[in-house]
2 protein chains.
Amino acid sequence: MNQLQDPVPVSRATLKRLPVYHLFLKELQAKGRDVVSCTRIAEALRLEPTQVRKDLAATGIVGRPRIGYQMPELLTSIETFLGWNNANEAVLVGAGNLGSALLGYGGFTEHGLSIVAAFDASPAKIGTEIHGVPVLDVAKLPDLVQRLNIHLGIITTPAPAAQAIADLLVESGVQAIWNLSPTYLEVPAEVIVENTQLAASLAVLSNRLAANLHH
Amino acid sequence: MNQLQDPVPVSRATLKRLPVYHLFLKELQAKGRDVVSCTRIAEALRLEPTQVRKDLAATGIVGRPRIGYQMPELLTSIETFLGWNNANEAVLVGAGNLGSALLGYGGFTEHGLSIVAAFDASPAKIGTEIHGVPVLDVAKLPDLVQRLNIHLGIITTPAPAAQAIADLLVESGVQAIWNLSPTYLEVPAEVIVENTQLAASLAVLSNRLAANLHH
DNA sequence: TAGATTGTTAATCGATTAACAATC
DNA sequence: TAGATTGTTAATCGATTAACAATC
């Protein structure tokens, strides 16, 4: 329901907070709560109640004054909004340490991501399985992506290989790339790229830690 | 709330872009360029030249009109500002898939991070080494952190264990936590927490991909 | 009812972008 | 010089926060 057509465009900031709410709500639900207010969420997560309210409203949920939101309804609303309950199939390229970690992560399935195949250039890995996912030759990527109509590619290769892999994914028809390699990727404007630079997260932390130690 | 008394308060957004510039500049340097302008950086990274200029200015670099910035000087300026050239020692807790991936990542050393020990609760792992880093019993964490005066802890445990580990790290004197577990951590206000929620990155991507597919 | 909470509009804050003078 | 680029101030934009009426 409430599929408002072209509703308020949701800010990236809101999009990043929604999974955090989801996490917190799951924990709360496990403790037996079946109703929750923005006030409570905001307090626990050190945010402003109004911000939480706006974020939740973006998912289409409607609450009840004096009461709050029904827990299962709220969780479902967030999940639906984030596209977590209609699985996205994805391929992963680069079955090294980080790639293997993601293949073994497990938690992605409940967030609507299913990695159906991994690709690598190393002959030693090709033909094996990592955490149950087959590792294939990169040469087979275009065919598989097209046949299975895969929309999402995950890049966990070393930096020097990443751009060529991105090109290959785009040529094969992938519409979104999750880039975990330490590179800036050049792709056509219509392709969505989400960069998760582990070094960048670290940079923020290092800088703030250094500032702290000076006091 | 955050009373950093730096000369110029640097926005978190700037802090996140600096490593991207660094990455791009390293690639450019490898191609033999030894001077670069904001115009060029902005064009390659699809940003506004003014934004690049302000970001770089935050690191203290001074450029020359008509010319731009000297490459080695600019790289050093970014590295120094981010604290990448005076190593931070860190411990990692949770030597599972993701933890092992980080231990094997290698790229962190050049960003000023040195993981000196890993901790795990599993007897099978204790006493082993992963990518050259010893895996120790969590019981030994407080002593080691205090003795070596470690400031930074990295949490890669499953969600249920994360809060207890965070408490332990804080008690032991750690001042910053890089949390890669899917949990929201409660810590004292003076402790810096940087959350890298892999699921959250994914959430942003899923949502935008879903929106795209509807068109 | 009284009071807590939602939903929404208005004000504030901060970051981005534009404009432009200074400089080499 | 002429023109590209820096550095900086002002304007704009967007997100957060505050205020408040509606509601149960």
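Since the structure is predicted, the reported quantities are computational estimates derived from the model, not experimental observations. Throughout, protein chains are lettered first and strands after them, A, B, ... in sequence-line order, and every chain is numbered starting at 1.
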Subject >> Interatomic distance where CG belongs to B:Leu74 and C1' belongs to D:dT5 [whole Å] >> reply: 15 Å

**OP:** Whole angstrom is fine here: how far is it from CZ in A:Arg46 over to C1' in D:dT16?
**Re:** 19 Å

Original post:
Atom CG of A:Asp55 and atom C1' of D:dG14: how far apart are they, to the nearest Å?
Top reply: 14 Å

Original post:
Any donor-acceptor pair under 3.5 Å linking the side chain of A:Thr156 with the backbone of A:Gly94?
Top reply: yes

Subject >> B:Glu194 with B:Lys16: basic N within carboxylate O range, under 4.0 Å >> reply: yes

Subject >> Stem list, DNA chain C (Watson-Crick or G-U pairing under 3.5 Å, at least 3 consecutive pairs) >> reply: C:3-24 with D:3-24

**OP:** Answer yes or no: is there a donor N or O on one side and an acceptor on the other, between the side chain of A:Tyr184 and the main chain of B:Leu45, under 3.5 Å?
**Re:** yes

Original post:
At what distance, to the nearest 0.5 angstrom, does CG of B:Leu28 lie from CE of B:Met71?
Top reply: 4.0 Å

Original post:
Starting at CZ of B:Arg12 and ending at P of D:dA15, how long is that distance when rounded to a whole Å?
Top reply: 16 Å

Original post:
Does B:Arg17 have a side-chain nitrogen or oxygen under 4.0 Å from the phosphate oxygens OP1 or OP2 of C:dT16?
Top reply: yes

**OP:** Rounded off to whole Å, could you give me the CG-to-P distance for the B:Leu15 and C:dA15 pair?
**Re:** 11 Å

Original post:
Would you call B:Lys26 and B:Glu110 a salt bridge, taking side-chain N to carboxylate O under 4.0 Å as the test?
Top reply: no

Original post:
Mind checking what makes salt bridge (charged side-chain N to carboxylate O under 4.0 Å, His left out) contact with B:Arg64, not counting sequence neighbours?
Top reply: none

**OP:** State whether the side chain of A:Ser77 and the backbone N or O of A:Thr59 hold a donor-acceptor pair below 3.5 Å, judged by distance alone.
**Re:** yes

Original post:
Just by distance, do the side chain of A:Ser37 and the backbone of A:Ile67 share a donor-acceptor pair under 3.5 Å?
Top reply: no

Original post:
Which residue, A:Gln51 or B:Val36, contacts DNA chain D at a nucleotide closer to its 5' end, judged by nearest heavy atom?
Top reply: B:Val36

**OP:** Sugar-phosphate atoms are those with a prime plus P, OP1 and OP2; base atoms are the rest. Using that split, label each nucleotide of nucleotides 18-24 of chain D B, S or - for protein heavy atoms under 4.0 Å, 5' to 3'.
**Re:** B----BB

Original post:
How long is the line joining CD of B:Glu73 and P of D:dT6, in whole Å?
Top reply: 13 Å

Original post:
Rounding to a whole Å, what distance do you find between A:Leu18:CG and D:dA15:P?
Top reply: 14 Å

Original post:
Mind checking whether B:Tyr21 and B:Phe24 have ring centres under 6.0 Å apart?
Top reply: no

